[in-house]
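Protein chains get the first letters and strands the later ones, always in sequence-line order, with residue 1 at the start of each. Values below: every heavy atom of this structure, side chains too, minus hydrogens, waters and symmetry copies.
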Amino acid sequence: MTAVLEAQGLGKRYGKHWALRECTVDIPAGHVVGLVGPNGAGKTTLLKLASGQLEPTAGGIAVLGGRPVSGRAQLAKVGFVAQDTPVYAGLSVAEHLRLGARLNPRWDAAMARERVARLGLVPTQRAGKLSGGQRAQLALTLGLAKRPELLILDEPVASLDPLARREFMQGLMEATVEHEFSVVLSSHLVSDLERVCDFLIVLVDSRVQIAGETDRLLSTHHRLTGPRRDPDRLPADQHVVSASHTDRQSTYVVRTDAPIHDPAWTVTHLSLEDLVLAYMEKHVADTRRAALEVRR
Amino acid sequence: MEEPVIEFHLDARSGVSPYMQLVQQVRHALRLGLLREGDQLPTVKEAVARLAINPNTVLKAYRELEHEGLVAARPGVGTFVTATLTDTSLAAHGPLRLELQRWLAKARRAGLDDESIEALFMTTFRTATQEDIA
């Protein structure tokens with residue numbers, strides 16, 4: 001199976017500022033990929049590079065085996081739903097579908113009509129009069145009816161209420177079963193992605209901190225609590241993600257493929273949210289350490 | 001389409017992975033006799049549309065149940081119950097519960113409170129499970 005997204009040392013710079021740097025990831029097809037990180041981490045930049053709206057400053061990126069900016073055939077394979085699921089306020093629901101039909105060579109008119117009917121959207125209604133949830137569903141319908149091999153969604157549910165969020169994700173997941181396409185979606189909230197993603201990329205301050213299948217990430221990360229111990233006395237195959245110490249106690253989040261047998265540790269399971277937070281903390285700690293070393 | 005016999009639900013705070021929650025819910029329904037041989041489980045599409053979860057989560061749960069010999073997939077049709085859990089282990093529950101009650105009484109007499117009992121049980125349980133794996 002070809003990779004849905006492959007990046008090698010990918011970077012994008014605006015003036016002096018790197019929005020994304022040294023990004024190397026390899027995402028196999030058939031996944032729902034969550035791209036998570038704080039606001040301003042570079043999520044939108046990565047998604048725009050993947051959909052061909054930006055050209056890289058450094059490195060390379062291939063999407064579904066092709067270059068994102070290589071032309072119409074590539075554009076037809078990749079759907080993009082931009083941040084806040086924009087629609088044309090002045091156009092009606094039906095006009096959106098007509099526009100979609102005209103712009104997309106693989107447009108699935110029957111699916112679009114059926115979806116709009118099921119959602120209870122009135123075809124003559126102007127998009128500007130729709131609720132936030134309905135607008136998002138309309139934008140999703142346009143993305144789905146394009147029948148892409150990869151659908152990219154940038155913070156699709158950020159501005160939606162909990163019920164609309166849920167309905168949006170239900171529609172998206174149902175469509176992945178029916179039409180078998182890959183999905184990459186971003187959010188600054190892990191809770192939005194936890195149930196729907198089986199592959200996760202954590203992006204902090206323009207760098208990928210970790211990427212991998214969710215199940216694998218969860219089974220290789222552990223929280224260890226026990227008597228105080230210095231990190232250099234941990235086994236070499238335990239990579240420290242985060243650490244905190246009191247006089248007597250140490251708490252580590254480690255990544256390791258091997259089981260942890262040391263009876264001194266109480267080993268606890270991490271939730272996906274804990275895991276992402278550990279990497280965000282790691283980044284903050286690394287930055288502080290670097291700043292201190294410079295000052296010395 | 002026929003109404004599914006059971007509907008899944010997920011508890012985000014249980015600490016149990018979503019796929020395992022689905023497996024447990026099917027097992028539970030089998031034990032209670034809610035699901036019987038020949039019943040159809042919700043299709044992947046139904047489960048995904050209801051719970052807003054990744055399809056692979058449902059597939060993984062169904063594969064696990066298939067591996068346990070509880071269900072079988074009929075390609076293009078759905079996943080059906082092929083076994084029952086009601087008679088096999090239920091008979092053993094009574095005596096086991098009795099032993100456990102005795103043990104609990106003993107633990108209380110030794111001065112353990114609820115939390116200590118739970119901690120002792122969980123560490124022993126985990127150690128035993130780990131030894132099984134190792």
I'd like to verify something: which residue of A:L218, A:D215, A:D198, A:T214 has the highest number of heavy-atom pairs under 4.5 Å with chain B? A:D198
Taking A:R195 for the side chain and B:A52 for the main chain, is one N or O donor matched with an acceptor at less than 3.5 Å? no
Is it the case that over 12 heavy atoms from other parts of the model lie below 6.0 angstrom from the CD atom of B:E118? no
Looking at chain A, which one of B:T123, B:L51, B:V44 has the largest number of heavy-atom pairs inside 4.5 Å, strictly under? B:L51
If you take all heavy atoms of B:N56 and A:G30, which pair is closest and at what distance? ND2-O, 4.0 Å
If you count every heavy atom of other residues, nucleotides or ligands that lies below 6.0 Å from B:H28 atom NE2, does the total exceed 12? no
Which atoms form the tightest heavy-atom contact between A:V196 and B:N54, and what is the distance? O-ND2, 2.7 Å
Would you say A:R118 has more than 12 foreign heavy atoms packed within less than 6.0 Å of its CZ? yes
Can you check whether anything in residues 164-176 of chain A gets within less than 4.5 Å of chain B, heavy-atom wise, and list it by number? A:R166, A:M169, A:Q170, A:M173, A:E174, A:T176
Go through the atoms of A:E178 and report whether side chain, backbone, both or neither lie under 4.5 Å from a heavy atom of chain B. side chain
Would you say CZ of B:R36 has more than 12 non-hydrogen atoms from neighbouring residues, nucleotides or ligands within 6.0 angstrom? no
Should the heavy atoms of other residues, nucleotides or ligands under 6.0 Å from CD of B:Q101 be counted, would the total exceed 12? yes
